[in-house]
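Below: one structure, written as structure tokens.
Basis for what follows: all heavy atoms, side chains included, without hydrogens, waters or symmetry-related copies. Residue numbers run from 1 in the order of the sequence given.
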Amino acid sequence: MIDVVNPATEEVIGSIVDSDAAAVDAAVSAANAALGPWSALSPATRAGYLRALADEFEKRSDEISELVTRQNGTPISITRAMQSQVPVCYRYFASLAEKLSVEQHVETASGDAIVLREPVGVVGAITPWNGPQPLIAWKLGPALAAGCTAVIKPAPETSLDAFVFAEIVAAAGIPEGVVNIVTGGRETGAALVAHPGVHKVAFTGSTVAGKAIAAECAKQLKHVTLELGGKSAGILLDDVDLDAFRPLVLSACSPNTGQTCRALTRVLAPASRYDEVVDLLADTMAGIPQGDPLDPAVFFGPLVNATQRERVESYIELGKAEGAEMVLGGGRPFDRGYYVAPTIFRGVTNDMRIAREEIFGPVLTVMPYRTVDEAVAIANDSEYGLGGGVFSPDRERATEVARRIVTGSVGVNTSTLPIETPFGGVKNSGIGRELGPQSVDAYLEYKTIFRA
């Protein structure tokens, strides 16, 4: 068994089974048994099940929100906002299922052909602790729409909500075996990835884990989608309206107490306004309430566990050792809970480890630039390429800068990620895309029947 700990109180709030290879095999076998009947349903019928799943999820959204907050420390207002998007996501994929063309006739030079789009098969979906239910939906939605079945392995820190989700799946009437859940740690995930009955793996998590998963999938030549780490840059152009940018500091630069892969943790400020930007960031971050994550007025909670707090604190010490100036935070604000105060470093150069490595906590680095070309070069000088942002009242100018950033997605004056467009990374930030109509294609195989 694995204990589940509330990071705000350091108290055990539950436990989960650390599933072994036999349990994984049983789940995969159930998914394979259900695959034929499920894939034989029309896309429109599968869309109906996805809408039922959305309806049932809405009924228990508040319950799941509180449970997630108690498990990972995400402030409840943020958790509720995240859960509110889960039914929207399932309904979006229902609409894509209804539009899914499973057969296309093509005239060829030697006759005609039929191009079929068939489900990949059983999907192993491995999700992280920082956004458990939304990130399940990003994988399960397109998988079910395409006609696949799934085995979900949630993070051990956030598996209690998976039990509620299993009840939601049953209440939606989804046939037995179509959606399966196994709980456990790394060994459980490794058994799922390696299982020959799994035909595709969809993973969100660290780059290190993603590379190991990719290696195993390569051995078996199975499909894989990886959404991995990030060290995204937010470029403030020299005409930036700081009053307009201030409300975005939390959502763009340090959402979920900095525990979000696409957070803009590298802030690039024009040298002519560098002090002004640093002061605004420090003033804004210092004013964001931190405390009990179940308090709706709180927007910075604890880090997910003691290990993560130690990791973040080690980077704070590293930043000071590297010669960066800490202008805010750096300590533990409370005696209980895995809290780290919001922290900002100035005087940072892009060769420092705090500017290059993913910290995954409420730590921002602020770097100056003199020209837009230099800003773009700094933004692109990274092993990651997941997110990014450009801020300026001149929308078209900012868009032209965004085009030059080598990354999977870039926000212009916004941090809102639209579900109707593909999301994913380049370089060490991953392979493939989730969301958008393109995501369904990742769960389909093409078969051509050509006829004389």
Side-chain angles (χ1 to χ4, degrees), residues 4 6 13-14 16 27 30-31 34 38 41 43-98 123 125 127-146 148-155 157-183 204 256 293-296 298 301 416-420 434-435 439:
V4 179
N6 183 334
I13 58 173
I16 61 167
W38 178 254
L41 297 175
T45 301
R46 294 197 294 268
Y49 281 112
L50 281 165
R51 288 199 171 90
L53 185 62
D55 292 344
E56 294 299 327
F57 192 97
E58 273 184 337
K59 295 176 184 178
R60 304 187 70 173
S61 181
D62 287 344
E63 177 186 356
I64 287 179
S65 295
E66 181 172 339
L67 193 51
V68 169
T69 290
R70 292 176 63 218
Q71 291 174 102
N72 69 5
T74 299
I76 189 67
S77 295
I78 297 172
T79 308
R80 287 171 179 162
M82 294 171 71
Q83 305 322 306
S84 72
Q85 291 304 302
V86 171
V88 175
C89 191
Y90 285 125
R91 291 185 183 116
Y92 172 71
F93 284 111
S95 70
L96 293 183
E98 289 174 329
V123 175
T127 55
W129 46 260
N130 59 334
Q133 289 299 325
L135 292 172
I136 286 176
W138 289 15
K139 297 164 179 57
L140 187 62
L144 296 184
C148 299
T149 56
V151 178
I152 300 167
K153 207 294 284 185
E157 293 87 352
T158 50
S159 287
L160 300 181
D161 57 295
F163 301 144
V164 178
F165 184 67
E167 295 173 357
I168 290 170
V169 169
I174 293 175
E176 186 174 348
V178 173
V179 179
N180 307 271
I181 298 171
V182 292
T183 60
T204 299
N256 195 10
L294 288 171
D295 182 347
V298 165
T416 301
L417 183 69
I419 66 171
E420 300 87 355
E434 295 184 311
L435 301 179
S439 62

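Of the inter-residue distances, the one linking Ile16 atom CD1 with Phe163 atom CZ reads 6.5 Å to the nearest 0.5 angstrom. For the atom pair Cys89 SG and Ile136 CD1, the distance stands at 11.5 Å (nearest 0.5 Å). Atoms OG and CG, from Ser65 and Asp161 in turn, are 10.0 Å apart once rounded to the nearest 0.5 Å. In this structure, Asn72 CG and Leu67 CG are separated by 9.5 Å, a value rounded to the nearest 0.5 Å. One finds the CG atom of Leu144 at 9.0 Å from the CZ atom of Arg46 (value rounded to the nearest 0.5 Å). For the atom pair CD (Gln85) and CD (Gln83), the distance works out to 10.0 Å, reported to the nearest 0.5 Å.
Residues that satisfy the side-chain hydrogen bond (donor to acceptor under 3.5 Å, both in side chains) test with Thr69, not counting sequence neighbours, are Thr79. Taking the side-chain contact (heavy atoms from CB on, under 4.5 Å) definition, one finds that Ser95 meets it with Arg51, Tyr92, sequence neighbours left out. In terms of the side-chain contact (heavy atoms from CB on, under 4.5 Å) criterion, residue partners of Ala125 (sequence neighbours excluded) are, by chain and number, Lys139, Ile152. Listed by chain and number, the residues in a ring pair (Phe, Tyr, Trp, His ring centres under 6.0 Å) with Tyr49 are Trp38 (sequence neighbours excluded).
When side chains are defined from C-beta on, Ser61 does not count as touching Val86, because their heavy atoms never get closer than 4.5 Å. Taking the side chain as every heavy atom from C-beta outward, Leu135 and Pro128 approach each other to under 4.5 Å. Looking at heavy atoms from C-beta onward, Arg91 lies in side-chain contact with Asp55 at the 4.5 angstrom threshold. Using a 4.5 Å cut-off on side-chain heavy atoms (C-beta onward), Thr204 and Asn130 make no contact. Within the 4.5 Å cutoff, no side-chain heavy atoms of Val169 are placed close to those of Ile181. Looking at Gln133 and Phe165, their side chains come closer than 4.5 Å, going by heavy atoms from C-beta outward. The side-chain heavy atoms of Phe93 and Leu53, taken from C-beta on, include no pair separated by under 4.5 Å.
In this structure, the side chain of Ser77 engages the main chain of Pro296 through a donor-acceptor pair within 3.5 Å. Using modelled atom types, no side-chain atom of Glu58 and backbone atom of Pro87 make a donor-acceptor pair closer than 3.5 Å.
The ring pair (Phe, Tyr, Trp, His ring centres under 6.0 Å) contacts involving residues 63-86 comprise nothing, where partners must be two or more places apart or lie in separate chains. Sorted by first and then second residue, the salt bridge (charged side-chain N to carboxylate O under 4.0 Å, His left out) pairs with a member in residues 62-79 read Arg60-Glu63; sequence neighbours excluded.
Between Pro75 and Gly301, the shortest heavy-atom contact is CG-N, 3.7 Å. The heavy-atom pair separating Val298 from Pro293 by the smallest distance is CG1-CA, 4.5 Å.
Within 6.0 Å of atom CD in Glu176, 12 or fewer heavy atoms from other residues, nucleotides or ligands are found, so the atom counts as exposed in its surroundings.
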